[in-house]
Amino acid sequence: NGNDELLFEESRNLMDSALEVFKAKKKWMNLALKHDRIPFATQRPLDPRTREKGTTAVDFDALTFTIGLVGGNEMAQYHSGYQLHENPEAIKVLIRLILEMQKYKKELESRSGYKIALARTPAESTAQRFAIADLITDRYRGNAEKLVKGDVGQAKFLLANRKKDVPVYYSNGTHVDVGAKMGLFDRMNIEQKFFPLLNGGNMLHIWLGDANPDPEALYKLTKKITTQSNIGYYAYTKDLTVCSNCGKVTSPMRDQCPNCNSDSIEWWSRVTGYYQAVSGWNKGKRQELVNRYRTDM
Ligand SMILES: [Zn+2]
């Protein structure tokens, strides 16, 4: 808490552990390859001109091992006392940590010979699992209760009753808390800082509040994102209600179909990367969906 050197040291320890995982994975992949147990990836398609077999479909020596980042916002909150949207100090802490991790990543690469990427991974289950793991670990519980997002009271009650799927989560990657009540441009201004620092996977989410956003406003926003920011990947998300009775798709999420009044409906939204039926999400992600601060256009 507040001690930068300790924070950086801990991140290096975690990256060392990740390297051990990569080594174990590589060992198993080599074993599987040796015994010809990965036929799809090792097939050698014919060259259409020479009719001879080409190289294997996947080059196993050129694979990149990815270290994913989740809960950057909560790390900054614990370390600096502020969330990313509350104070620039929090942003600075997260930027410095990532720069240190990138430096150590290079060191690990030259030591191991592996190609490693530091990225924002979807972490659809990890964001919840890490939050639960911290809540049920004596050493972390006290701090975790103050930091994890979602319904902590309800989660504690469910965990005490031996339930495993509970409505808590850590913020995705380097994202601002989804529930932070701030304008889209202010949030973009924070989140864009992390795109050049990561080796991929990062994404800006625009949670739309309107059922029918103004096309002109969307065009202007898209132009601004693509020409005046560091954001490399972005997605608009409109929550949908799909009626199982008449098939009509409407927005936003409703309890009844506005067309036929049926309550046999299914909600669809973007979990982290793709649209999925909300009924398949874990409780952490569902709570995040409720907490999302949406933008009106
Ligand atoms: Zn209907």
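First listed ligand is number 1; within each ligand, the first listed atom is number 1.
Protein N, O or S atom count below 2.8 Å of the Zn ion (ligand 1): the structure gives 4.
A salt bridge is defined here as a Lys NZ or Arg NE, NH1 or NH2 lying under 4.0 Å from an Asp or Glu carboxylate O, and Glu107 with Lys103 fails to meet this definition.
Sorted by first and then second residue, the pairs that involve residues 117-140 and meet salt bridge (charged side-chain N to carboxylate O under 4.0 Å, His left out), not counting sequence neighbours, are Asp138-Arg141. For residues 155-167, the salt bridge (charged side-chain N to carboxylate O under 4.0 Å, His left out) pairs, not counting sequence neighbours, are Glu145-Lys156.
Looking only at atom types and distance, the side chain of Lys149 has a donor-acceptor partner in the side chain of Gln77 under 3.5 Å away.
If you chain together ILVMFWY residues whose side-chain heavy atoms come under 4.5 Å of each other, Tyr78 ends up grouped with Leu147.
By the 30° and 60° cut-offs, the orientation of the rings of Tyr236 relative to Tyr234 is perpendicular.
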